[in-house]
Amino acid sequence: MSEIVAGVDIGSTTAKCVVLGEDARVLGKSLNAVGVDIVRDAERALDAALAEAQIPRSEVAFITGTGYGRYKVYFGQLVVTEISCHARGASFLFPGTRLVVDIGGQDTKAIRINDAGEVVDFAMNDKCAAGTGRFLDVCANALGYEVGQIGPLSLQARHAVKVTSTCTVFAESEVTSYVSRGKDPKDILAGLHASIVNRTLSLMQRVGVEPEVTFTGGVSQNAGMVHALQHRLGRPVNVSPLSQYLGALGAALHGRERVRGGAG
Amino acid sequence: MAETSDPRPDGSGVSPSFLRDARGLQRKLVEEYYARLGSPDRSRPVAYMLVGGNLAEIVRSFGYEVVFPEIVALNCAIKHQSLDNILHAESMGYGLDVCGYVKNDLGLQDRDGRTSFGQIPRPDLLVCSFSGCYVYVKWWEALAESYGVPLFMFDVPYMREEHPRKEDIDYLVSQLWDLIHLLEKRTGRAFDMDALKGMLVESRRAEDGWVDFLRAGRLRPSPIEAYFESIFYMFPINVLRGTREAADFYGVVNEEVRARVRDRTYPLPEEKVRVLVEGVPPYTNYRTFWDFFRKWGAVSVVATYPKVGGLFDRGFRHDPARPFESIAEYSLGAYVNQSWPLRRKIIADYVREYRADAAIIHGIKSCRSFTAGQGDLRDWLNRDQGLPTLYIESDHEDPRYFAPAQIKNRMDAFFESLEQRRAVGAAGGPATA
Amino acid sequence: MITAGVDLGAGAIKGVLLEDGRRILAAASAPARGNPVGVAHQLLEELGEAANIGPGDVEYLCSTGFGRYALPERHLQISDFTSSARGALFLFPRTRLVVDVGTQASRTMSTSETGKVLKFKMNEKCAAGAGRFVERCSKYLQVPLEEIGPKALAAEHPKLISSVCAVLAETEIINNVAEGVPLPDILMGVFLSLSQRAYSLMRYVGIQPEITLVGGLVRNVGMVKALRETVGLPVNVAPEAFYAAAIGSAVLGHSRLVKLRESSVATAGT
Amino acid sequence: MADLLAIQDPPPERADAVEGDRVELAADFREFGDAHSIEEILRLAREVLGDPTFPTARAWRKAGGRAVGCFPVYTPQEIVHSFGLLPVALSGGGENLEISRADAALGSFLCSISKSTLEAALTGLLEPFDAYLFPYICDVSRNLEGIFSRVLPSRPSHMLHLPQNFTSPSAIPFLVAEYRSLIAKLERLTDRPFSPEQLGRSIELFNEQRALVARLAALQRDAPGKIGLVEYYLLRRLGGLLPREVHIPLLRRALAEIERRERKNKDAIPILLVGPFCEQPTLDLLQLIEDVGCYVVGDELQMLHHWCPSIVPGPDPLESLATAYLRTPVDIGVRLTPTTKGAAIQARLDAARAQGVVFLTAKFCEPALEDVVLYRRALEHRRVPYLHMEFEEKSTTYEQARLQLETFVESILFD
Ligand SMILES: Nc1ncnc2c1ncn2[C@@H]1O[C@H](COP(=O)(O)OP(=O)(O)O)[C@@H](O)[C@H]1O
Ligand SMILES: Nc1ncnc2c1ncn2[C@@H]1O[C@H](COP(=O)(O)OP(=O)(O)O)[C@@H](O)[C@H]1O
Ligand code: SF4
Ligand code: SF4
Ligand code: SF4
């Protein structure tokens, strides 16, 4: 039996898929926005990743679904929560990881793991959508930027403003009011990033801040957030270009274990 | 990890097969109670009372019918009627962050007390046992203003040491006498010590039976569901304490528990995880919540919530030989009237006595008394006690705060990680015996 | 006597020219993007052209809305509550309860027969009760804003939204779509949820016999229907109610101007 | 300045404290001792308030003194003072403290003062205190103390049960017993016995401070044009941070200067400010209330040092204290109102000749929120205009607050 496995991560914002080869090498991956038809998005994510890997679906031995929409991955054989998947994925890429910080579209998680990549303890933001990727999306929008632009811009700030609103929706009006007071958008952005990091730190402290931290989820692609987090922690954190895919990667790894466990 | 997709995505009511006669009897008691409250020819005066540290026996001995708005509120929530009441209370000006019980009750009162399970009568007297929750004071104050009836404040000292001081007991007993004088004045009846003692005999019998039931959770596997099942069986001990029905009820319950052990009918076919549950239940969705446990073979073997009416399992008993002192001691023993250090000690004892593998803390957004500090408790359990602990949050009364997908996600991840670690333990050596 | 009212809202900027406190000469709006003051100036120019008057003909300028302090040449600024209430009264003189659903906030106020605000309340906690939420739904569901209302009218079993959070409510909507709930039911559910929130504000200030809806959502037939259903009473709507705050501030500007004139006449006379 | 501090008996370890400490302590407080003009006092006050590290307690400690952090509202600081300890108001972290750890321990749907106080504890900012005192004013303050006992195990903290039964005669002996439990802890902490005589003197001193604060409040009520709300507030706030011996003369000087001012009242609406008895609003928010055209002629700001109008001395000072709390406390949301809310607010409106009420309640402060409903009903009945707003000790935008306050003022002014 082939050992090619796939992991499909249906998040609140994006659907991701990773296809792993026999040697646990990433053969293909995909990233799409999730729309209203989650079942189809899952299919599309898988197809896109398979297309990149140039592998027909029949050769995939095992598919694992994860993320909020994991129960909609009808074609899969296993569902695992994204918490376990991010843990596994992060520990795969950075074996020394003991704390995973995942900031996605709608939630933020801090996951403490052991050397086997297993979840020891985790905490998630329990208070609405504040402090998540969506928060940044909304604020970027209010300032008239694309979400990809705001991180780098925030790095050019000189005097970060203080953002106190704990609500995503009202943060938007706070941003607007800063704009109307003539504040530099870069300073506002820096303030927004700092405020998310502050909230993230509070989650991290909930499970215990460990020496090696890996930052995952879509927001880890944001250089401003990486910088702000490192600044607050006073040391570097692991990030990888793959970090938005770590949930899918972890799911695939879980599947791989199943396949091998079954084989062995 | 769960194979395949969830069979019941919405978790809609699956009737647990292990619940039998006792559950039927409990239903009957509830129905009769509300029928009595709502009956138009009701001649007895009505006293409102709070569950924690309540003085039901004394008040009943003067012929009062006792109404517990907290219990009415949780019944409304179970029957999906709380949101209407809450919205009504919000339009009266009660903010989003006010305790759901309070809002349900004040909203309901303002809508003439009509519920699907009976008409809630207006109070003639308000007895506030300030035992464990400051909101009690505000709530009863509001009722007193809207009904213009007397409010008796029974001030119960907060427990910071394991044993009460002499001054505490003196203070409480002296207040009990004040209440008796008030009741004598209002009813024109003389205090009847024998009637009170007779009730305390029944109370004590009920308390013994209730504790026997709770302690069944120590068995492995546990024949009882200490959280979800107790929610049902709390009714007699909290509402009907002092009556013969309540005391007899626990006889029936415990008979059934013994039968379960005999026949090996357990809450779940397989007890995979023994859980301690701390916190008030999400009554609006408690079935769904229960399903999240059952899916993972998690049985709650001990819970703190059923102790809000009194920590009987820690030794408090009403005692006809020392009527006043024992009532005073009892009133100190509501679970939320224990300081955090005492609460932590109780929980640590429970974990040991009931051999819990994990703890789930359910925080209530609108209840600070129970909830403020549960994060620290989680930390203490996880770190200092080495017990895997999950914290989740919703509300006891307000369905708007129950986010099933989020809660499920957390519980799945939590149990998944427990399973994973146990699997590794099994591979490395013998797992738990 | 021509007075102008400018409402610098969070979502849109609206302007009105009023003659003698009685007749609306022109009304217009523009999205509040970029520099709101610039937009307002542009708007005032357009209004002047439409009404065929020169820049000097506007004798008094009164601003209202989120950005009311930003307009440097204003003679007076008025808070949104006061101006919307006055605008509603201008349109429907027997109004006693005003519901204003704008971009970021829903507000209600009860008014006296003279338009004085008696009691008022706004949604402070969560943004799920206002127009921005509808805008987001329109984006998510890929239905243009103008079509949302008409589409919602076809609802048979509206699906209410339980989440109080605007952001989480979006997810809920998406779940509903995924579960195959028909679009009109979802949309009507949104409006009913908004209406319920507005209704609880209305009950807070006290239900009055004549109710008027003002603000951006008057343009939305779905919202109007939902509100009427929720409240169970008639609710006044008029296309001009979109401009209520601007109208109200022009009206208040007018009475202020009259007062000023009177007092100066009085002083001149003595 | 130095002689003022001499009133305090030197704490035991002061015996071998180097002379330099004493000089430094004096130096730190001399600024206040020397600050004669209001401007100087206010500048110092802002400085102290803007610094979340409790500079006054630090200064006191550095010189060998010991300080006790007191959570609002009804804390018997007189007892703390009688042990030679400095009671300092724990009034929250203000605008400058980032909350990142307290959320996790305490929970999310809670007032800011509880979170910032815990945050301060977790981040070492409460280091200058040797003990903490919490009154049972609400479930949050009560539970907070329980967390303190875990996160700061080496420093004693005490929760005082405040009786809610105001008619029972046994409440007095009970409350005295409560005080005695506190006293037992303080005796252990200071290693010296409780002295009723010293407590009697402390009560006198606090009464003196109360009388001055009352004079300030009367000025605010009768001649609001002479004193700005922020000024008034800062002067009061200092009273919970400085040694009383320093605050009293300072307040005297400030009062004299204010009373001399020749400022006319503006055409503003006299209002009562109800609700901020525990968590404190920002200075900007207070300023805003005045800016939109209100005079605050009665308030519940910074209650800590005047939880009762005055303590009547008696043979047993502990009984005097208990009687003051049980029989003559200032009536706020964390105490059962003996009459009705309507009667209570009417009395206050009359006393202050206020025309309206602004309820300014801390976000998530349940006692305050529940009171507002009852007050509201009573005010509507009496046709008194009111406004309810929520605040947090930290905020940067005031658009919503301004909008509502302006509308409130407009609704009274316009017709
Ligand atoms: N290139 C990027 N730069 C900055 N932020 C990004 C980038 N790509 C994605 N994001 C952020 O990541 C979030 C989505 O994260 P993701 O982990 O995919 O979410 P989920 O798994 O919940 O769908 C978006 O809200 C966005 O803010
Ligand atoms: N043509 C339209 N159809 C439906 N809704 C509309 C239309 N135009 C505006 N709206 C709604 O009105 C809101 C703007 O209301 P408005 O009163 O102008 O807000 P503000 O004054 O706060 O800027 C928008 O968020 C949108 O939801
Ligand atoms: S203990 Fe909690 S749920 Fe019960 S009345 Fe108090 S605040 Fe409400
Ligand atoms: S609307 Fe804002 S405050 Fe409300 S739950 Fe959502 S993000 Fe949180
Ligand atoms: S602000 Fe309110 S809820 Fe918070 S501690 Fe003070 S009284 Fe309690």
Side-chain angles (χ1 to χ4, degrees), chain B residues 89 92-95 97-99 102 106 128 130 132-135 137-142 144-146 151-155 157-158 160-161 165-168 170-175 178 336 339-344 363 365-376 378-380 384 393, chain D residues 102-110 114 118 136-147 149-151 158-159 161 163-171 173-174 176-178 180-181 333-337 340-342 361 363-367 369-374 376-378 388 390:
Chain B
M92 291 160 69
Y94 285 98
D97 310 306
V98 168
C99 164
V102 176
L106 298 176
C128 180
F130 172 41
C133 175
Y134 187 75
V135 171
V137 176
K138 308 307 294 179
W139 184 355
W140 254 234
E141 193 174 29
E145 286 219 357
S146 59
L151 161 60
F152 180 81
M153 180 56 63
F154 182 53
D155 179 28
Y158 188 56
R160 291 142 290 172
E161 310 283 336
R165 291 173 303 211
K166 183 181 167 299
E167 287 90 346
D168 297 338
D170 290 350
Y171 181 37
L172 289 165
V173 170
S174 135
Q175 295 183 76
D178 291 344
V336 275
S339 69
W340 269 117
L342 295 178
R343 255 169 96 172
R344 286 193 288 265
K365 295 191 177 185
S366 70
C367 168
R368 278 130 205 116
S369 174
F370 228 111
T371 311
Q374 278 181 338
D376 186 59
R378 190 196 92 95
D379 189 56
W380 172 78
D384 299 8
E393 203 168 48
Chain D
D103 257 348
L106 207 49
S108 22
F109 289 74
L110 298 174
S114 64
L118 184 59
Y136 187 174
I137 50 164
C138 70
D139 301 322
V140 180
S141 69
R142 180 197 76 187
N143 286 9
L144 187 57
E145 190 276 332
I147 301 174
S149 66
R150 175 168 176 249
V151 299
H158 186 78
M159 208 225 58
H161 181 96
Q164 290 293 336
N165 186 334
F166 296 96
T167 50
S168 163
S170 339
F174 166 76
V176 168
E178 278 292 319
R180 291 231 173 255
S181 302
V334 287
R335 176 182 179 272
L336 185 72
T337 304
T340 61
K341 294 283 173 198
T361 62
K363 215 168 164 186
F364 302 115
C365 174
E366 192 161 359
L369 280 176
E370 281 168 350
D371 266 12
V372 169
V373 183
L374 302 186
R376 212 169 79 91
R377 208 180 286 155
H388 177 206
E390 294 186 13

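Letters A, B, ... mirror the listed sequences (proteins, then strands); counts begin at 1.
- Here D:Ile147 is the residue among D:Val140, D:Ile147, D:Thr361, D:Val151 with the most heavy-atom pairs under 4.5 Å with chain B.
- For the pair D:Arg150/B:Asp384, a side-chain contact is recorded, criterion being any heavy-atom separation below 4.5 Å from C-beta on.
- Annotation: side chain of D:Leu369 is in contact with side chain of D:Glu390 (closest heavy-atom distance under 4.5 Å).
- Per-residue counts of heavy-atom pairs under 4.5 Å with chain D were compared for B:Cys99, B:Ser339, B:Cys128, B:Pro157; the largest is that of B:Pro157.
- Only the side chain of B:Arg344 comes within contact range of chain D, with heavy atoms under 4.5 Å apart.
- Options D:Gly107, D:Ala378, D:Ala104, D:Pro169 differ in how many heavy-atom pairs under 4.5 Å they form with chain B, and the most are formed by D:Ala104.
- Applying the salt bridge (charged side-chain N to carboxylate O under 4.0 Å, His left out) rule to D:Glu178 yields the partners B:Arg160, B:Arg165; only residues at least two apart in sequence or on another chain are considered.
- For the atom pair D:Glu366 CD and D:Phe109 CZ, the distance stands at 13.0 Å (nearest 0.5 Å).
- For a residue to count as touching a neighbouring chain, one of its non-hydrogen atoms must lie under 4.5 Å from one of that chain's; by this rule B:Trp140 does not touch chain D.
- Options B:Cys133, B:Ala89, B:Ala142 differ in how many heavy-atom pairs under 4.5 Å they form with chain D, and the most are formed by B:Cys133.
- Interface residue B:Asp379: backbone and side-chain heavy atoms are both found under 4.5 Å from chain D.
- Of the two parts of B:Glu145, only the side chain, counted from C-beta on, holds a non-hydrogen atom closer than 4.5 Å to a non-hydrogen atom of chain D.
- Remark: side-chain polar atoms of D:Glu370 are not paired, donor with acceptor, to backbone N or O of B:Val98 under 3.5 angstrom.
- The residue among D:Val334, D:Leu144, D:Asp103 with the most heavy atom pairs within less than 4.5 Å of chain B is D:Val334.
- Listed by chain and residue number, B:Phe130, B:Tyr158, D:His161 satisfy the ring-ring contact (aromatic ring centres under 6.0 Å, His included) test with D:Tyr136 (two or more places apart in sequence, or in another chain).
- A heavy-atom distance below 4.5 Å is found between the side chains of B:Tyr171 and D:Asn165.
- Between the side chain of B:Ser369 and the main chain of B:Gly132, a donor-acceptor pair closer than 3.5 Å is present.
- Ranked by heavy-atom pairs under 4.5 Å with chain B, the first of D:Glu145, D:His158, D:Arg335, D:Arg180 is D:Arg335.
- Counting heavy-atom pairs closer than 4.5 Å to chain B, the top-ranked of the candidates D:Gly146, D:Ala105, D:Gly333 is D:Ala105.
- For the pair B:Tyr94/B:Leu106, a side-chain contact is recorded, criterion being any heavy-atom separation below 4.5 Å from C-beta on.
- Contacts of B:Cys367 with chain D are absent, with no heavy-atom separation under 4.5 Å from either backbone or side chain.
- When heavy atoms are compared at a cutoff of 4.5 Å, D:Val176 does not approach chain B at all.
- Contacts of D:Thr337 with chain B are made by both backbone and side-chain atoms, with heavy-atom separations under 4.5 Å.
- Proximity of D:Ser168 to B:Asp155: side-chain heavy atoms (C-beta onward) are nowhere separated by under 4.5 Å.
- In this structure, B:Arg368 forms no cation-pi arrangement with D:Phe364, as its terminal cationic atom is not both closer than 6.0 Å to the ring centre and no more than 45° off the ring axis.
- Between B:Phe370 and B:Arg343, the closest heavy-atom pair is O-NH2, 2.8 Å.
- Proximity to chain B (any heavy atom under 4.5 Å) is restricted, for D:Ile137, to the backbone atoms N, CA, C and O.
- Only the side chain of D:Arg377 comes within less than 4.5 Å of a heavy atom in chain B; its backbone stays farther off.
- Between chain B and the options D:Leu336, D:Leu110, D:Val372, D:Thr340, the largest number of non-hydrogen pairs under 4.5 Å is found for D:Leu336.
- For chain D, the option among B:Val102, B:Asp170, B:Val137, B:Val135 with the highest count of heavy-atom pairs below 4.5 Å is B:Val135.
- With a 4.5 angstrom heavy-atom cutoff, B:Leu151 touches chain D only via side-chain atoms.
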